[in-house]
Amino acid sequence: KYNPTREGYEFGGWVDEDGKPIIEIVLGEDVTVRAIWTANEHTLKFITNGVTVIEDVPVKYDQTINLTNYVTELDHFDFDGWYADEYLTQKMTDVITIKGDLTVHAKWTEHVKLTVSFDTDGASTIEDVEDYIGETVDLTKYNPTREGYEFSGWVDEDGTPITEIVLGEDVTVKATWEANDYTLFFETGCDIVVDNLPVEYDDEIDLTQYELTREHYDFNGWYESEGSTTPITEIKITGDTTVYAKWTEHKMFTVSFDTD
């Protein structure tokens, strides 16, 4: 007839002073009986937010749980503790007492990300690369292109060639280039020979250095094509190139002899 209640527990009956269960008493003296209780069973759930699953833990009412025993890991993040709400505003203490079913949520702090920027010196653009501090960036994967040049690799701010970077700060690397080799040919239009000139892409050649003389002709200059009518004094190299000499023949006169 006497059934007490206690939050979080189920009443399990009465025991005497020796701990023996009893359901009735034949009075012969004053007596005290003690209630026995069974703690309710609950479940502790862990929401790890995308990382290794932690299995549910069966617990009981009033059980003490040390949450530091349930620490998980996530690459490039620091674990910031367990929280009582999905919005991660109510941080739990390390040691908690169970008062019912409970779900805790992991909070993570992302590691610092750093940026590698690429100075291609006017060539094709390479997008910045972001990665976490301490990570290695393989620069050999990033090869820009530039008309008339061969890519020679990357250098750091001191001009030292590098093929990879271990990120410790934001950094900019610069592309180095080697100009393609070409030849400038001189077509003189006569038996005068001007040696072919080794040149490189983007070289600017002063053609006034190559003025020719020819008996009975005036040299009109160098031209970009045989059909061109405008002489040029310099030319910018973008590939193998030929320039053409043009001439004006001197006027011929006649000597006549009157022998009378």
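Computed from a predicted structure; not experimentally measured. Just so it is clear, the values below take in all heavy atoms, side chains as well, and ignore hydrogens, waters and symmetry mates. Sequential numbering from 1 along the given sequence is applied to the chain's residues.
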With no hydrogens and no angle check, is any side-chain donor or acceptor of [X] less than 3.5 Å from a backbone partner on [Y]?
| X | Y | answer |
| --- | --- | --- |
| W247 | H216 | no |
| D170 | T115 | yes |
| K107 | K91 | no |
| T241 | G239 | yes |

Can you tell me which residue among F185, F186, Y210, Y244 is in a ring pair (Phe, Tyr, Trp, His ring centres under 6.0 Å) with W222?
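Of the listed residues F185, F186, Y210, Y244, the ring pair (Phe, Tyr, Trp, His ring centres under 6.0 Å) partner of W222 is F186.
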Roughly how far apart are [X] [atom1] and [Y] [atom2], rounded to 0.5 Å?
| X | Y | atom1 | atom2 | value |
| --- | --- | --- | --- | --- |
| D181 | D240 | CG | CG | 10.0 Å |
| L88 | W108 | CG | CH2 | 11.5 Å |
| N143 | K141 | CG | NZ | 11.0 Å |
| T238 | E147 | OG1 | CD | 7.5 Å |
| T48 | E73 | OG1 | CD | 12.5 Å |

Looking at [X] and [Y], what are the two nearest heavy atoms and their distance?
| X | Y | value |
| --- | --- | --- |
| T213 | I192 | O-CD1, 3.2 Å |
| G134 | V166 | O-CG1, 3.8 Å |
| E164 | D138 | CB-CA, 4.4 Å |
| L44 | L67 | CD2-CD2, 4.3 Å |

Are [X] and [Y] packed together at the side-chain level, in the sense that at least one heavy-atom pair is separated by less than 4.5 angstrom?
| X | Y | value |
| --- | --- | --- |
| L207 | I205 | yes |
| T72 | F46 | no |
| T64 | T97 | yes |
| Y217 | L212 | no |
| L102 | I96 | yes |
| T160 | V155 | no |

side-chain hydrogen bond (donor to acceptor under 3.5 Å, both in side chains) between Y9 and D62, intermediate numbers included:
CA-CA 9 Å; Y9 290 82; D62 272 347; 2.9 Å; yes
How about [atom1] on [X], more than 12 heavy atoms from neighbouring residues, nucleotides or ligands closer than 6.0 Å, or not?
| X | atom1 | answer |
| --- | --- | --- |
| K174 | NZ | no |
| Q90 | CD | yes |
| K45 | NZ | no |
| Q209 | CD | yes |

Are W177 and F151 close enough that their ring centers fall under 6.0 Å?
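Centroid distance W177-F151: below 6.0 Å, so yes.
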Run the side-chain hydrogen bond (donor to acceptor under 3.5 Å, both in side chains) test against D101 and tell me which residues pass, sequence neighbours left out.
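H42.
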With sequence neighbours left out, what residues match D206 under side-chain hydrogen bond (donor to acceptor under 3.5 Å, both in side chains)?
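Listed in chain order: T208.
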Do R34 and D16 sit within salt-bridge range, that is, some charged N less than 4.0 Å from a carboxylate O?
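Judged by the 4.0 Å cut-off on N to carboxylate O distance, R34 and D16 do not form a salt bridge.
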Might you work through the side-chain hydrogen bond (donor to acceptor under 3.5 Å, both in side chains) test for Y149 and D202, ending with a clear yes or no?
CA-CA 9 Å; Y149 290 82; D202 271 350; 2.9 Å; yes
Decide whether V199 and I232 are clustered together by the hydrophobic rule: side chain heavy atoms of Ile, Leu, Val, Met, Phe, Trp, Tyr closer than 4.5 Å, transitively.
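Yes.
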Those residues that, when tested against T89, pass side chain to side chain contact (heavy atoms under 4.5 Å, CB included) (two or more places apart):
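Side chain to side chain contact (heavy atoms under 4.5 Å, CB included) check on T89 returns D85, Y87.
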Would you kindly say whether N220 and T248 are connected by a side-chain donor-acceptor distance under 3.5 Å?
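Side-chain D/A pair, N220 to T248: present.
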